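Working notes, beginning with the structure itself.
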Amino acid sequence: MGALTGRVAFVTGAGSGIGRASAIALAAEGAIVFVTDIDAPGGRETVAMIEKAGGQATFRGQDVTEEARWAELVQRVMDLYGRLDVLVNNAGIGTSGAITDVTLDQWNHQMAVNVTSCFLGIKHALPAMRTPRPDGRIGGSIINISSVAGLGGSAGMAAYCASKGAVRLMTKAVAMECAAARDGIRCNSVHPGIIDTPIWQKLDTSGALQAAVDPGANALDVKLIGAGAPVGHPGQPEDIAAGVVFLASDASRYMTGAELVIDGGWTAH
Ligand code: NAP
């Protein structure tokens, strides 16, 4: 029996990178995983990987910025399984560029995908987590994927840093609200360092970020940037997934409002 047998987990952005690795790791511990992503082929591939390994998962397309879809999908989870135990707010994008170059549309989109998504997910998941299970118990674990960029600033990443800092403090506020309600729901943030996922290929490399980390190169090289971590290399999505499983499980039952930093020492110096 796994640490999450009988639990139901909702993971956004699970068609790629950290979300996919987290979905796979949660399923390996026995959770039924509700995989969502704006990238349908990626999400379906994650489900296929989970099923191939003997786990249970289902996919639904989701743009995490749309409230009506959140309401619909949380209801779908309750109709299918009658419970929601874990929410991983993972879907995210990175907007790079000097703050003087970032357009208002880019800023608003960055906030919608990284911050509003967490607000909407938490808002709609809480009533489901507060629904009594067959044994009468209520509760759950909300895990928000922030970043080391939510702990400190980076040149060329003002919009992204602002979004991840907001996720960090929303997490703590929700943790306080749930603790006061005595509803058994914990809310924690995870702060990955440089992790080798496709997000790095999607960043705009024309501006200040490029100049700050890798002058003269045509594209951001995650291995080169990750080499700047004290351990000398980038992390893998599975390194973050291990932290997600820990926060989802009862092993972390006394943790709420906490920041789990998994960064190869990036923020320690
Ligand atoms: P990734 O491989 O690009 O995965 C992110 C997934 O989210 C993609 O499948 C993406 O789809 C999806 N997505 C984008 N916009 C969405 C939307 N509006 N609705 C639903 N899904 C959407 O990136 P990752 O590195 O695994 O990132 C996962 C999380 O970790 C993000 O919150 C990121 O900020 C955070 N993080 C990553 C690192 C790192 O070094 N990799 C470090 C710190 C924090 P598309 O491919 O179609 O855009």
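Each ligand, and each atom within it, is numbered from 1 in the order the structure gives. We number each residue from 1, following the sequence as shown. The figures here come from the full heavy-atom set of this structure, side chains too, leaving out hydrogens, waters and symmetry mates. Everything numeric in this text was worked out from a predicted model, so none of it was measured.
- The closest side-chain heavy-atom distance from S252 to R186 is below 4.5 Å.
- Of the protein's heavy atoms, T197 OG1, 3.4 Å lies nearest to atom 24 (P) of ligand 1.
- Residue S146 places a heavy atom less than 4.0 Å from ligand 1.
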ask   = Which is it for N144 and T171 under the side-chain hydrogen bond (donor to acceptor under 3.5 Å, both in side chains) test, yes or no, and what are the steps along the way?
value = CA-CA 7 Å; N144 297 323; T171 300; 2.9 Å; yes
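- At least one heavy atom of G193 sits closer than 4.0 Å to an atom of ligand 1.
- For ligand 1, none of its N or O atoms has an N or O atom of N114 under 3.5 Å away.
- More than 12 heavy atoms of other residues, nucleotides or ligands sit less than 6.0 Å from atom CZ of R133.
- The protein atom (non-hydrogen) at minimum distance from atom 11 (O) of ligand 1 is D37 OD1, 3.4 Å.
- Residue D39 places no N or O, backbone or side chain, under 3.5 Å from any N or O of ligand 1.
- Ligand 1 has no nitrogen or oxygen under 3.5 angstrom from a nitrogen or oxygen of G13.
- For K164, the heavy-atom gap to ligand 1 drops under 4.0 angstrom.
- Here F119 and W70 keep their ring centres 6.0 angstrom or further from each other.
- Looking at I93 next to ligand 1, no N or O pair under 3.5 Å apart turns up.
- Where the criterion is an N or O separation shorter than 3.5 Å, residue side chain and backbone included, S16 meets it with respect to ligand 1.
- Taking only nitrogen or oxygen atoms, main chain and side chain alike, T65 does not reach within less than 3.5 Å of ligand 1.
- Of the polar atoms of I195, at least one N or O is found under 3.5 Å from an N or O of ligand 1, judged by distance alone.
- Checked for salt-bridge contact, D135 and R137 meet the test: a charged N lies under 4.0 Å from a carboxylate O.
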